[in-house]
Amino acid sequence: MKLPLSFYQRPDVVQIARDLLGKYLFTNIGGVLTGGRIVETEAYAHINDQACHSHLGRYTARTKIMYQAGGVAYTYLIYGRYVLFNIITNEEAKADAVLIRGLEPIEGISEMLLRRGLHQPARNLTGGPGLLTQALGITTQHYGTDLTGDLLWLEDRQEPVAEELVVASARVGIDYAGTDAALPWRFRVKGSPWTSPAR
DNA sequence: ACTCGGATGGTCT
DNA sequence: GACCATCCGAGTA
């Protein structure tokens, strides 16, 4: 069943990032259902985290959605080519987010292959934050989408991933964040071939 | 196996 | 004008 708003609106974004492992992410775009199982996430906190786009209350056209109550999508273009998909968490005005970085493809694989221009499922179908958005058809137009709706949503389909199968490590690509770059806020399912290749 | 650089465009100062 | 929560292909080994 769909994850309720109460899941997203909890205060601890790091715990939510951990809890999102094993949850299912779906899109129904153009009448086509695609989705899979989340195997890699990163937490971004509005306080004490220089890597977070809402650090120090930064409020711009891009970040304003982060200040909504949890349960909406935050999408943005990075490096002029890729769209990244985040889940906004916490209560209104507490601008936390979880970046989805890796997905095990489950539903609508032929459509995902088409969108990615591949012929066979492989790691680069959905293993990486800029790749899974392509496979699922997520674009910057999904900025602010309600995650309890019928376009883009998450489901709870299995037991939480066991603690011994969760790897926590430093987040990726945020050298600009100084000492906060070392926070172990990246979570992966141990042994999954569908996580991003980034170190 | 790995390192390195180019693509590419919105956002922010 | 600089930066960027990325990815891929080319080069070396």
Side-chain angles (χ1 to χ4, degrees), chain A residues 8 13-14 16-18 20-21 25 36 38-68 70 72-90 94-105 112-145 147 152 167-189 192-199:
Chain A
Y8 303 110
V13 66
V14 177
I16 293 172
R18 158 69 181 80
L20 280 168
L21 295 180
L25 172 63
I38 295 171
V39 296
E40 181 177 349
T41 63
E42 283 178 357
Y44 288 85
H46 72 289
I47 46 174
N48 299 328
D49 179 12
Q50 293 188 63
C52 187
H53 290 167
S54 61
H55 179 59
L56 296 179
R58 196 154 178 248
Y59 187 89
T60 66
R62 182 178 68 158
T63 63
K64 67 181 181 195
I65 202 67
M66 300 182 76
Y67 295 81
Q68 303 268 108
V72 297
Y74 168 39
T75 57
Y76 68 95
L77 183 71
I78 187 72
Y79 297 114
R81 332 192 113 205
Y82 300 99
V83 174
L84 301 199
F85 168 67
N86 297 255
I87 292 166
I88 297 307
T89 70
N90 213 330
K94 295 185 177 176
D96 295 341
V98 176
L99 171 66
I100 305 302
R101 291 191 56 91
L103 194 77
E104 175 185 342
M112 291 195 277
L113 287 169
L114 207 62
R115 288 171 179 161
R116 288 280 302 117
L118 301 175
H119 291 98
Q120 299 289 335
R123 191 236 97 219
N124 69 345
L125 178 58
T126 51
L131 302 184
L132 66 91
T133 51
Q134 253 182 41
L136 293 175
I138 296 172
T139 70
T140 53
Q141 304 214 343
H142 298 102
Y143 184 87
T145 299
L147 297 179
L152 172 54
V167 184
S169 59
R171 293 168 295 174
V172 175
I174 52 161
D175 292 346
Y176 60 86
T179 55
D180 292 335
L183 294 169
W185 288 359
R186 178 192 187 194
F187 298 97
R188 280 173 285 169
V189 175
S192 172
W194 304 104
T195 56
S196 72
R199 291 181 298 113

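Sequence lines set the chain letters: A, B, ... in the order given, protein chains first and strands last, and positions in each chain run from 1. Worth knowing before you read on, the calculation uses all heavy atoms, side chains too, and leaves out hydrogens, waters and symmetry mates.
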Would you list the atom pairs, donor with acceptor, under 3.5 Å between side chains in residues 78-88 of chain A and any protein atom, with sequence neighbours excluded?
| residue | atom | partner | partner atom | Å |
| --- | --- | --- | --- | --- |
| A/Asn86 | ND2 | A/Tyr74 | O | 3.3 |

ask   = How would DNA chain B look in dot-bracket form, 5' to 3', counting Watson-Crick and G-U wobble pairs with both distances under 3.5 Å and writing | for bases paired to another strand?
value = |||||||.||||.
[X] side chain near [Y] side chain, heavy-atom distance below 4.5 Å:
| X | Y | answer |
| --- | --- | --- |
| A/Thr195 | A/Val189 | no |
| A/Val98 | A/Thr89 | yes |
| A/Met66 | A/Cys52 | yes |

ask   = So, does A/Asn90 use its side chain to make a donor-acceptor pair with the main chain of A/Ala95 at under 3.5 Å?
value = no
key: Any donor-acceptor N/O pair, A/Thr41 side chain to A/Ala17 backbone, under 3.5 Å   = yes
task = Would you give a per-nucleotide map of nucleotides 7-13 of chain B, 5' to 3', where B means the base has a protein non-hydrogen atom under 4.0 Å away, S means only the sugar-phosphate does, and - means neither?
result = BBBSSSS
Pair A/Met112-A/Leu136, side-chain contact (heavy atoms from CB on, under 4.5 Å): steps then yes or no = CA-CA 6 Å; A/Met112 291 195 277; A/Leu136 293 175; 4.1 Å; yes
task = Please identify each residue that fulfils side-chain hydrogen bond (donor to acceptor under 3.5 Å, both in side chains) with A/Thr75, with sequence neighbours left out.
result = none
inquiry  = The criterion is side-chain hydrogen bond (donor to acceptor under 3.5 Å, both in side chains); which residues satisfy it with A/Thr140, sequence neighbours excluded?
reply    = none
Residues that A/Glu104 engages under side-chain contact (heavy atoms from CB on, under 4.5 Å), provided they are two or more places apart = A/Arg37, A/Val39, A/Ile106, A/Trp194
query = Under the side chain to side chain donor-acceptor pair (under 3.5 Å) rule, what pairs show up with a residue in residues 118-135 of chain A, not counting sequence neighbours?
reply = A/Arg116-A/Gln134
Side-chain polar contacts of residues 171-188 of chain A - donor-acceptor pairs under 3.5 angstrom, sequence neighbours left out - could you list them?
| residue | atom | partner | partner atom | Å |
| --- | --- | --- | --- | --- |
| A/Arg171 | NH1 | A/Ala43 | O | 2.9 |
| A/Arg171 | NH1 | A/Asp49 | OD1 | 3.4 |
| A/Arg171 | NH1 | A/Asp49 | OD2 | 2.9 |
| A/Arg171 | NH2 | A/Asp49 | OD1 | 2.9 |
| A/Arg171 | NH2 | A/Asp180 | O | 3.1 |
| A/Tyr176 | OH | A/Ala51 | O | 3.2 |
| A/Asp180 | OD2 | A/Gln50 | N | 2.7 |
| A/Arg186 | NE | A/Glu40 | OE2 | 2.8 |
| A/Arg186 | NH1 | A/Ala198 | O | 3.4 |
| A/Arg186 | NH1 | A/Arg199 | O | 3.4 |
| A/Arg186 | NH2 | A/Glu40 | OE2 | 2.9 |
| A/Arg186 | NH2 | A/Ser196 | OG | 3.2 |
| A/Arg186 | NH2 | A/Ala198 | O | 2.9 |
| A/Arg188 | NH2 | A/Ser169 | OG | 3.0 |

ask   = Quick one, which residues of residues 169-185 of chain A touch DNA chain C with a heavy atom under 4.0 Å?
value = A/Val172, A/Gly173, A/Ile174, A/Tyr176
task = Tell me what A/Arg186 touches on the nucleic acid: a base, only sugar-phosphate, or nothing, going by heavy atoms under 4.0 Å.
result = nothing
ask   = Quick one: how far along DNA chain C does chain A reach, first to last nucleotide 5' to 3', anything under 4.0 Å to a heavy atom?
value = C/dC4 to C/dC8
